[in-house]
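Inspection log for the structure reproduced underneath, given as structure tokens.
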There are 2 protein chains.
Amino acid sequence: MAAGGAERAEQFIDHETAASPTDHRDLRLWLRLLTLTTLVESEIRGGLRVAFDTTLPRFDLMAALHKTKAPLTMGDLSRRLMVSNGNITGVTERLVEEGLVVRTRSKEDKRTQYVELTAAGRTEFERMAARHEQWIAAAFADLSDAEATKLMELLGKAKASVRRNLIAAREGQTQ
Amino acid sequence: MAAGGAERAEQFIDHETAASPTDHRDLRLWLRLLTLTTLVESEIRGGLRVAFDTTLPRFDLMAALHKTKAPLTMGDLSRRLMVSNGNITGVTERLVEEGLVVRTRSKEDKRTQYVELTAAGRTEFERMAARHEQWIAAAFADLSDAEATKLMELLGKAKASVRRNLIAAREGQTQ
DNA sequence: CCGGGATAGTTTAAGTTTAAAATAACGCTG
DNA sequence: CAGCGTTATTTTAAACTTAAACTATCCCGG
């Protein structure tokens, strides 16, 4: 590491690089997608830890609250972040301990809990979000506007395809 | 769930759908990428659990071994799967318990452990891989060849951009 | 108003994940 | 050949994650 990079050739072996050239089209596509996401995600994770001593799940939860500018229920958070409801319970608890969010019981429905950012939480999130956006901007800096637009479009098509052919197909199986 | 889907309109709120239209280009791109990956990954996770009573990390580890058709060290696996080395220890242990892989110490270097599929592991993996490929093919079924090719290309560019502008930039920071 | 199905959230058990510290073995240099 | 920096792996502690079971509450039909 300190020595000036003689072994660079081996450094970039990853899930995808390890794919053999005989793999099929969609499998290679999926591996590339997964590798890219994993790379970015782990950089962000590391950045949040080093720069703010926090974690990605906590950041994501705060981001959801910040975006809506209004309290969300535990169930709302679970659906938006696409994680289990039990998961939200734990992450929220830690954010409450840190004083970044508060939970309040609904008057109308005693089962429901509303979660919202505290003033400290909002300030802290905005600090983190600014840095987060810089990282993301750096990540995609080499893409032209046209390329980014095209990529957005193709990812959108892929997402629709997944919902139609994978998710809806499974859900409709034997019912 | 048993009742026939009256609340479908609310069902597809996700991390990305929740994004406001004023977000910046790269942030929206990143959210879409993340959402797509998460959707596919959680379908595969569920499929592996239901159909084969196994998990994605175990499948991935076996896939790495199957692809190389040769034993890999713990470190090789850690680098290829882009996870920490401690992680590989745990996943490998469970696969050994299940009789799907074996670990053997190297004669030349007593620190090194080689991991390889057992006959049972190879057979089981091939069963799972066939199904896995069907899921992936279904996921991207609505993309034409031209679209898939373009998407591959753009993801490749994005990956290069991430390595150059995010990862290498961080690594070179103050050294 | 009451019984029962649906909904909101928590708990539990098992597994995955990481970073950091610890262990063990290697291999070079003096 | 002794020590010492490096490398391969395991251990540890804390957090995240899920599915499934559970608790509490809601609300509808009779």
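Within every chain, numbering begins at 1; the chains are lettered A, B, ... in the order of the sequence lines, protein sequences first and strands thereafter.
- If you measure from atom CG of B:Leu81 to atom C1' of C:dT17, you get 13 Å, rounded to the nearest angstrom.
- The line from CG of B:Leu143 to CG of A:Asp26 is 8.0 Å long, rounded to the nearest 0.5 Å.
- Not a single side chain to side chain donor-acceptor pair (under 3.5 Å) links A:Glu97 to another residue, sequence neighbours left out.
- Rounded to an integer number of Å, the gap from CG of B:Leu95 to C1' of C:dG15 is 12 Å.
- Rounded to whole Å, atom P of C:dT10 lies 11 Å from atom CG of A:Leu77.
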What does the list of N/O pairs under 3.5 Å between the protein and nucleotides 10-13 of chain D look like, with a distance for each?
unit_1	atom_1	unit_2	atom_2	d
D:dT10	OP1	B:Arg103	NH1	3.0
D:dT10	OP1	B:Gln113	NE2	2.9
D:dT10	OP2	B:Thr89	OG1	2.8

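- For A:Phe125, the ring-ring contact (aromatic ring centres under 6.0 Å, His included) partners at least two apart in sequence or on another chain are A:Phe59, A:His66.
- Residues in residues 47-58 of chain A take part in these side chain to side chain donor-acceptor pair (under 3.5 Å) pairs, two or more places apart or across chains: A:Thr55-A:Arg58, A:Arg58-A:Glu98.
- The shortest distance between side-chain heavy atoms of B:Trp135 and B:Glu43 does not fall below 4.5 Å.
- Applying a 4.0 Å cut-off to non-hydrogen atoms, the residues of residues 43-52 of chain A that approach DNA chain C are A:Arg49, listed by residue number.
- At least one donor-acceptor pair under 3.5 Å links the side chain of A:Arg32 to the backbone N or O of B:Met152.
- Residue contacts for B:Thr55: at a heavy-atom cut-off of 4.0 Å it reaches the sugar-phosphate backbone alone, with no base atom in range.
- Here side chain to side chain donor-acceptor pair (under 3.5 Å) pairs that include residues 103-113 of chain A, with residues two or more places apart or in two chains, are A:Ser106-A:Glu108, A:Asp109-A:Arg111.
- Atom-to-atom, CG of B:Asp53 to P of C:dG15 comes out at 10 Å; the value is rounded to the nearest Å.
- Residue contacts shown for A:Thr112 are limited to sugar-phosphate atoms, with no base heavy atom under 4.0 Å away.
- Among residues two or more places apart in sequence or in another chain, the side chain to side chain donor-acceptor pair (under 3.5 Å) test is passed with A:Thr37 by B:Thr37.
- Expressed to the nearest 0.5 Å, how far CD of B:Glu41 lies from CG of B:Leu34 amounts to 9.5 Å.
- By the rule that hydrophobic residues join a cluster once side-chain heavy atoms approach within less than 4.5 Å of another member, A:Leu33 and A:Leu27 end up as members of one cluster.
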Below 3.5 Å is the cut-off: list the nitrogen or oxygen pairs between protein and nucleotides 25-29 of chain D, distance only.
unit_1	atom_1	unit_2	atom_2	d
D:dT25	O2	A:Arg111	NH1	3.2
D:dC26	OP1	A:Lys110	N	2.9

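- The list of side chain to side chain donor-acceptor pair (under 3.5 Å) pairs with a residue in residues 83-93 of chain B, not counting sequence neighbours, is empty.
- Residues in residues 144-169 of chain B take part in no ring pair (Phe, Tyr, Trp, His ring centres under 6.0 Å) pair, two or more places apart or across chains.
- With C:dG9, D:dT9, C:dT16 as the choices, the nucleotide that has an atom nearest any side-chain atom of B:Thr73 turns out to be D:dT9.
- Each of B:Gly75 and A:Val83 lies near DNA chain D, and the nucleotide nearest B:Gly75 is the one positioned closer to the 5' end.
- For the helix from C:dC1-D:dG30 to C:dG30-D:dC1, the axis fitted to the five pairs at one end and the axis fitted to the five pairs at the other end meet at an angle of 0° (nearest 10 degrees).
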> Yes or no on salt bridge (Lys or Arg N to Asp or Glu O under 4.0 Å) for A:Arg122 and A:Glu126, after CA distance, side-chain angles and deciding distance?
Replying inline: CA-CA 6 Å; A:Arg122 195 158 28 251; A:Glu126 282 161 9; 5.4 Å; no
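- Applying the salt bridge (charged side-chain N to carboxylate O under 4.0 Å, His left out) criterion to B:Lys157, with sequence neighbours excluded, gives A:Glu147.
- Going from atom CD of B:Glu97 over to atom C1' of C:dG15 covers 12 Å, rounded to whole Å.
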